[in-house]
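As a basis for the values below, the full set of heavy atoms in this structure was taken, side chains included, without hydrogen atoms, waters or symmetry mates. Throughout, numbering of the chain's residues begins at 1 and tracks the sequence.
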Amino acid sequence: MELNGSPITESDLAALGLVGYGHFTSMRVENHAVRGLSQHMDRLIRDCRTVFDTELDPDRVRELIRHALPDTASPVVVRVTVFDPHLGLGKPGADADPQILVTSREAPAVPQAPLTLRSAVYTRDLPKTKHVGLFGSLYQRRLAQRDGADDVLFTLADGTITEIATSNIGVISDGQLIWPQAEVLPGITMRLLSQTLDEDVVVKPITLAELPHVDGAVATNAAVGVRAIARIDNVDLPVDHEMIARLRTEYESIPPQRI
């Protein structure tokens with residue numbers, strides 16, 4: 001765990017934990033390379049403008065990631081968090097001087113077992129920004145897990161599907177991958193798949209009522225790639241559809257970029 005390339009102090013970390021204002025991106029690093037690295041950098045730049053109204057140097061971020069990477073050949077998930085340790089609760093409107101915190105953890109094995117989801121009506125604050133305000137999402141995930149599901153699927157009041165707590169969702173129908181047309185975080189894995197599949201990708205509204213008629217569904221994020229979904233509420237979904245295997249193969253074939 002390093003802040004600007006040095007060990008983080010308790011006071012710096014306390015500001016992040018107690019104020020909780022900032023943004024981040026997470027990426028799976030294998031052999032010092034990341035699928036969609038340039039898009040992760042673009043996200044950090046874009047979100048820094050939104051959250052702090054200032055610019056971020058992507059070359060500096062990459063340098064700090066390289067410095068903080070653990071000395072291991074095993075895959076890790078690196079999280080880059082951008083926050084200002086001196087921005088307080090009372091004056092978040094002050095000019096900001098964002099700092100870069102790089103942390104890492106062991107990457108989960110892939111592919112992951114199929115997910116079960118429970119739907120909940122919920123919309124994240126600033127849904128298109130990957131910010132650190134995760135309480136609402138984690139609370140909804142907790143409720144879903146206490147009810148026996150693995151994770152939570154967010155919807156609008158009319159049943160329109162948006163996203164999973166920390167993943168995107170896509171459904172498969174007639175050989176096409178369909179992303180929800182909704183205010184959601186534009187995930188890096190989702191964007192990479194869309195670029196790779198091109199004409200086989202559609203964006204349109206999806207509702208819970210349509211789920212019994214789809215051919216399958218997947219969750220996507222940078223840590224695990226493509227993960228099949230086995231159940232949403234009381235609707236069982238196929239997990240062995242050929243399109244799911246194709247999506248995983250297509251994603252894994254995307255050349256990673258060196259950090």
Side-chain angles (χ1 to χ4, degrees), residues 1-17 20-49 51-52 54-85 96-112 129-134 138 165-168 185-193 195-196 219-227 248 250-259:
M1 181 180 293
E2 294 184 353
L3 182 66
N4 300 324
S6 301
I8 191 168
T9 67
E10 287 186 8
S11 60
D12 289 337
L13 193 58
L16 181 61
Y21 189 83
H23 64 94
F24 72 100
T25 195
S26 294
M27 61 195 82
R28 186 183 181 99
V29 180
E30 298 181 0
N31 298 317
H32 289 249
V34 176
R35 290 183 183 87
L37 176 64
S38 60
Q39 297 197 36
H40 281 285
M41 296 301 105
D42 289 345
R43 164 189 279 168
L44 288 173
I45 293 169
R46 181 183 63 248
D47 288 354
C48 197
R49 291 170 182 157
V51 175
F52 293 112
T54 190
E55 297 296 320
L56 190 69
D57 181 358
D59 292 333
R60 173 63 171 158
V61 174
R62 293 173 70 164
E63 177 187 343
L64 292 173
I65 295 173
R66 289 194 296 269
H67 187 271
L69 275 176
D71 185 18
T72 176
S74 300
V76 294
V77 175
V78 168
R79 170 169 163 160
V80 178
T81 303
V82 181
F83 75 107
D84 184 347
D97 181 21
Q99 309 296 303
I100 302 168
L101 172 67
V102 181
T103 59
S104 64
R105 60 181 172 87
E106 182 180 352
V110 292
Q112 292 273 289
T129 299
K130 196 172 179 70
H131 55 76
V132 301
L134 295 175
L138 294 183
T166 53
S167 302
N168 290 110
L185 182 72
I188 305 301
T189 304
M190 177 183 77
R191 293 168 63 184
L192 291 173
L193 283 171
Q195 293 170 0
T196 300
T220 63
N221 69 31
V224 301
V226 178
R227 187 174 183 180
R248 190 173 289 125
E250 293 281 3
Y251 178 69
E252 292 174 355
S253 69
I254 296 172
Q257 297 171 289
R258 294 284 296 178
I259 298 173

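Looking at Asp12, its side chain never comes within 3.5 Å of a backbone N or O of Ala15 through a donor-acceptor pair. Although no hydrogens or angles enter the test, the distance criterion places no donor-acceptor pair under 3.5 Å between the side chain of Gln39 and the main chain of Arg191. A donor-acceptor distance shorter than 3.5 angstrom exists from the side chain of Asn221 to the backbone of Ala223, with no hydrogens or angles considered. Judged purely by atom type and a 3.5 angstrom limit, Thr72 uses its side chain to pair as donor or acceptor with the backbone of Ser74. Under a 3.5 Å cut-off, the side chain of Arg248 and the backbone N or O of Val226 do form a donor-acceptor pair.
With a 4.5 Å cut-off on side-chain heavy atoms, Pro85 and Gln99 count as touching. Side-chain contact check for Leu101 versus Met1: some heavy-atom pair is nearer than 4.5 Å. Residues Val34 and Gln257 form no side-chain contact, since every pair of their non-hydrogen atoms from C-beta on lies 4.5 Å or further apart. For the pair Val51 and Tyr21, the minimum side-chain heavy-atom distance is below 4.5 Å.
Classification of the Phe52-His23 ring pair by plane angle, with boundaries at 30° and 60°, yields tilted.
Remark: Phe24 CZ to Thr103 OG1 distance equals 9.5 Å, nearest 0.5 Å. To the nearest 0.5 angstrom, Tyr251 atom OH is 10.0 Å from Thr196 atom OG1. In this structure, CG on Leu185 lies 10.0 Å from OG1 on Thr166, to the nearest 0.5 angstrom. Separation of atoms OG1 (Thr25) and CG (Asp47) is listed at 8.0 Å; rounding is to 0.5 Å.
In plain terms, the two heavy atoms of Gly5 and His67 that are nearest each other are O-CE1, 3.3 Å. In terms of heavy-atom proximity, Gly20 sits nearest to Val132 at O-CG2, 3.3 Å. The two residues Val110 and Val224 make their nearest non-hydrogen contact at CG1-O, 3.6 Å. Taking every heavy atom of both residues into account, Ala96 and Asp84 meet most closely at CA-OD2, 3.4 Å. Contact between Ala222 and Arg28 at its shortest, heavy atoms only, is O-CB, 3.3 Å.
Inspection of the Thr81 and Arg79 side chains reveals an N or O donor paired with an N or O acceptor under 3.5 Å.
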**Message:** Is there a side chain to side chain contact (heavy atoms under 4.5 Å, CB included) between Glu250 and Ile254? Walk through the geometry before answering.
**Reply:** CA-CA 7 Å; Glu250 293 281 3; Ile254 296 172; over 6 Å; no
**Asked** When you look at Val82 and Leu56, which way does the side chain to side chain contact (heavy atoms under 4.5 Å, CB included) test go after all the steps?
**Response** CA-CA 9 Å; Val82 181; Leu56 190 69; 4.1 Å; yes
**Message:** As a quick check of understanding, evaluate side chain to side chain contact (heavy atoms under 4.5 Å, CB included) for Asn168 and Thr189, giving each step before the final call.
**Reply:** CA-CA 8 Å; Asn168 290 110; Thr189 304; over 6 Å; no
**Message:** side chain to side chain contact (heavy atoms under 4.5 Å, CB included), that's the test. Do His40 and Lys130 meet it? Break it down for me.
**Reply:** CA-CA 11 Å; His40 281 285; Lys130 196 172 179 70; over 6 Å; no
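Within 6.0 Å of CD in Gln195 there are more than 12 heavy atoms belonging to other residues, nucleotides or ligands.
Contacts classified as salt bridge (charged side-chain N to carboxylate O under 4.0 Å, His left out) and involving residues 35-44 (residues at least two apart or in different chains) are not found.
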Which pairs of donor and acceptor atoms, one on a side chain in residues 57-65, lie under 3.5 Å apart (sequence neighbours left out)?
from: Asp57; atom 1: OD1; to: Asp59; atom 2: N; distance (Å): 3.0
from: Arg60; atom 1: NH1; to: Glu63; atom 2: OE2; distance (Å): 3.4
from: Arg62; atom 1: NE; to: Ile259; atom 2: O; distance (Å): 3.1
from: Arg62; atom 1: NH2; to: Arg258; atom 2: O; distance (Å): 2.7
from: Arg62; atom 1: NH2; to: Ile259; atom 2: O; distance (Å): 3.4

